Amino acid sequence: MTEIKPGRFNSITDVAGIRVGHHERIGDGWLTGTTVVLAPPEGAVGGVDVRGGGPGTRETDLLDPRNLVERVHAVMLGGGSAFGLDAATGVMRRLADAGIGFPIGVEPGQVVPIVPAAVLFDLGRGGGWRNTPDASFGTAAYDAASDGPVAMGTVGAGTGAKAGGLKGGIGSASSVAGGLTLGAIAAVNAVGSCVDPATGVLYGLPYGLEDEFPDISPRKESPATEPGLNTTIGVVATDASLTKAQCQKLAGVAHDGLARAIRPAHSMLDGDTIFALATGVGPTLGIAEFNALLTVAADTFSRAIVHGMLAATGAGDFRGYLEG
C-alpha cells in the first residue's frame with residue numbers, strides 16, 4: 001500500500017456494506033446518545049481489543065478467536081455508561097425482525113443477532129444522572145442508519161462526550177489503498193487530552209492526508225472541570241477478507257492510533273475499546289499486505305479522532321476545540 005487517499009465520504013461508510021446511524025437526546029436534563037455501525041446482512045468477521053481499565057462492554061468474549069461465532073451483525077457504541085448497554089437490545093430486535101442473525105433453529109427468523117457493544121461515561125453531563133440511552137435509542141439509531149456521509153461531532157455516542165477540558169464527539173475517516181478500503185469511527189471521550197499543552201495543536205494532526213484538515217490556529221485547552229471518568233470507543237472496518245484472529249490484531253493496532261491522538265490513553269479511568277469488522281468482499285492478505293493494512297488502520301483511527309474534535313460543538317460545561 002503506497003498511495004493512500006480518503007474514500008468518497010472520508011468515513012467508515014466508504015467500506016461497501018457498512019451503514020451508520022445515530023440517535024441522541026439533548027436538553028431537559030439529557031445529553032447522551034447512541035451510534036450503530038451495521039454490517040451487511042450476512043454479517044462481518046469481527047474482533048475486539050479492550051485496553052482501558054474501566055470498560056463497559058457486551059459480547060466481547062464472543063469475539064475471541066477461540067470461540068464459535070465468526071460474524072457479527074452490528075456494533076453499538078453509546079453513552080450512558082453501563083446503563084447505555086441497553087440500547088443494543090433495540091438493535092437486536094430490529095435485526096431479528098429482518099431475519100438477520102446467527103441461525104439457531106430450522107425455521108426462518110429463528111436467529112440471534114450478534115451485536116457487540118461498548119459504552120462511554122457521560123452520566124450527569126446534561127443534568128440528569130439517570131437520563132441514559134435505552135433500547136429505544138438503539139432502535140432509532142438503527143432506523144436512521146445509511147451508507148452515506150457520517151454525521152460527526154455532538155451526535156450519537158459523542159453527544160455527551162468530552163476530551164480533557166474540551167468537548168469530544170464522533171469522528172470518522174477512511175483510507176483507500178492497494179485496492180482495499182478501511183474506515184474508522186471513534187467516539188472521543190477521554191480522561192487524557194487531544195491537545196498538546198505546549199502548542200495547542202491537536203496531537204493527531206500530523207497523520208492527516210494531504211489537505212484533509214483545515215489550516216487552523218492552535219487552541220488552548222481549559223482544565224477539566226470534573227473528575228475523570230471517560231472512555232474512547234470505536235470501530236475499524238475493511239473490505240478485506242480477514243480471520244477472527246486478524247480482526248483482533250487489527251483492532252489492537254488501531255489502538256496505536258488512539259494513543260497517538262490522545263495522551264495519556266488507556267488509563268484506569270478509561271474503558272478504551274475498539275472493534276474490527278471485515279466484510280470479506282476483498283482478497284485474503286499475505287503477511288506484507290496485512291502488515292500494511294495494520295499501519296493504515298492506526299493512522300485512520302488517529303484521523304477519525306481529529307475529525308471528532310474538529311466537529312464537536314460545545315455542550316454542557318465544555319466548548320468545542322474550534323470555538324475559541
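Keep in mind it's a predicted model, so treat the numbers as computed, not measured. Sequence positions, counted from 1, serve as the residue numbers for this chain.
For the pair G138 and V91, the tightest heavy-atom approach, listed with the atom from each and the gap, is O-CG2, 3.7 Å. Heavy-atom minimum distance, L95 versus H73: CD1-CB, 4.0 Å. Considering all non-hydrogen atoms of both residues, L85 and G56 come closest at CD2-O, 4.1 Å. A265 and A259 get closest at one heavy-atom pair: CB-CA, 3.9 Å. Here the shortest heavy-atom pairing between L38 and A145 reads CD1-CB, 3.6 Å. The two atoms that bring L180 and P283 nearest to each other are CD2-CD, 3.7 Å, heavy atoms only.
The distance from atom OG1 of T313 to atom CG of L310, rounded to the nearest 0.5 Å, is 12.5 Å. Within the model, atoms CZ of F290 and OG1 of T295 stand 10.5 Å from one another, a figure rounded to the nearest 0.5 Å. Here the straight-line distance linking atom OG of S81 with atom CG of N230 works out to 11.0 Å at 0.5 Å rounding. Here CZ of F301 is found 12.5 Å from CG of D299. Values are rounded to the nearest 0.5 Å. The CG atom of L77 sits 9.0 Å away from the OG1 atom of T34 when rounded to the nearest 0.5 Å. Note that OG1 of T32 and NE2 of H23 are 10.0 Å apart. Values are rounded to the nearest 0.5 Å.
For S241 (side chain) and G282 (main-chain N/O), a donor-acceptor pair under 3.5 Å exists by modelled atom type. Between the side chain of K5 and the backbone N or O of G7 there is no donor-acceptor pair closer than 3.5 Å. Put simply, the side chain of K162 never gets that close to the backbone of G169: no donor and acceptor are under 3.5 Å apart. Between the side chain of R130 and the main chain of G128, no donor-acceptor pair closer than 3.5 Å is present. With hydrogens and angles disregarded, a donor-acceptor distance shorter than 3.5 Å links the side chain of T231 to the backbone of G271. Judged by distance alone, with hydrogens and angles left aside, the side-chain atoms of Q248 form no donor-acceptor pair with the main-chain N or O of A245 at under 3.5 Å. Under a 3.5 Å cut-off, the side chain of K167 and the backbone N or O of Y321 do not form any donor-acceptor pair. In terms of modelled atom types and a separation under 3.5 Å, the side chain of S193 and the main chain of V195 share a donor-acceptor contact. The backbone N or O of D147 sits nowhere less than 3.5 Å from a side-chain atom of R19 that would complete a donor-acceptor pair. Judged purely by atom type and a 3.5 angstrom limit, R319 has no side-chain atom pairing as donor or acceptor with the backbone of A315.
For an aromatic pair to be called close, the ring centres must be under 6.0 Å apart, and F213 with H307 satisfies this.
Under the 4.5 Å side-chain heavy-atom criterion for grouping Ile, Leu, Val, Met, Phe, Trp and Tyr, V188 is not connected to M152 through any hydrophobic cluster. Tracing side-chain contacts under 4.5 Å through hydrophobic residues (I, L, V, M, F, W, Y), one never reaches V37 starting from L250; they form parts of separate clusters. Hydrophobic clustering keeps V111 apart from I104 (ILVMFWY residues linked when any side-chain heavy atoms are closer than 4.5 Å, directly or through intermediates). Each of F137 and L120 belongs to its own hydrophobic cluster when Ile, Leu, Val, Met, Phe, Trp and Tyr are linked at side-chain heavy-atom distances under 4.5 angstrom. Criterion: ILVMFWY side-chain heavy atoms under 4.5 Å apart, direct or through other members. Under it, V15 and V48 are part of a common hydrophobic cluster.
You'll find the side chain of V115 stays beyond 4.5 Å of the side chain of V72, heavy atoms only. Side-chain contact check for V119 versus T57: every heavy-atom pair is 4.5 Å or farther apart. Counting only heavy atoms from C-beta outward, the side chains of M76 and T35 never approach each other to under 4.5 Å. At a threshold of 4.5 Å between non-hydrogen side-chain atoms, the residues M92 and I114 do not count as touching. Between P149 and T13 the shortest side-chain heavy-atom distance does not fall below 4.5 Å. For the pair L62 and N67, the minimum side-chain heavy-atom distance is 4.5 Å or more. Between L269 and F121 the shortest side-chain heavy-atom distance does not fall below 4.5 Å. Counting heavy atoms from C-beta outward, L123 and W129 have side chains that approach closer than 4.5 Å.
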query = Can you list the steps and then say if H266 with L258 is a side chain to side chain contact (heavy atoms under 4.5 Å, CB included)?
reply = CA-CA 9 Å; H266 309 140; L258 186 158; 3.9 Å; yes
task = Report the C-alpha distance between V50 and D272 in whole Å, list the side-chain angles of each, state the deciding distance to 0.1 Å, and finish with yes or no for side chain to side chain contact (heavy atoms under 4.5 Å, CB included).
result = CA-CA 6 Å; V50 181; D272 298 337; over 6 Å; no
request  = Kindly indicate, with the supporting measurements, whether the criterion side chain to side chain contact (heavy atoms under 4.5 Å, CB included) is fulfilled by V236 and L277.
outcome  = CA-CA 6 Å; V236 290; L277 300 175; over 6 Å; no
Steps toward side chain to side chain contact (heavy atoms under 4.5 Å, CB included) verdict (N131, R25) = CA-CA 9 Å; N131 289 344; R25 189 169 174 184; over 6 Å; no
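Checked against salt bridge (Lys or Arg N to Asp or Glu O under 4.0 Å), D49 has the following partners two or more places apart in sequence or in another chain: R51.
D270 and S267 share a donor-acceptor pair across their side chains, judged by distance under 3.5 Å alone. In this structure, a donor-acceptor pair under 3.5 Å is absent between the side chains of T159 and T154. Residues R125 and N189 bring a donor and an acceptor atom of their side chains to less than 3.5 Å of each other.
Here I26 sits in one hydrophobic cluster together with L31; the rule is ILVMFWY side chains under 4.5 Å apart, joined directly or through other members.
The cationic atom of R263 (NZ for Lys, CZ for Arg) lies less than 6.0 Å from the six-membered ring centre of Y203 and within 45° of the ring axis.
When L63, V235, T60 are each tested for a side-chain contact (heavy atoms from CB on, under 4.5 Å) with P116, only one passes: L63.
Sorted by first then second residue, the side chain to side chain donor-acceptor pair (under 3.5 Å) pairs that include residues 169-182, not counting sequence neighbours, are D14-S174, S175-T300, S175-R303.
In K249, the NZ atom is not crowded: 12 or fewer heavy atoms of neighbouring residues, nucleotides or ligands sit closer than 6.0 Å. D28 CG: 12 or fewer foreign heavy atoms inside a 6.0 Å radius. The neighbour count for D61 CG, taken as heavy atoms of other residues, nucleotides or ligands under 6.0 Å away, does not exceed 12.
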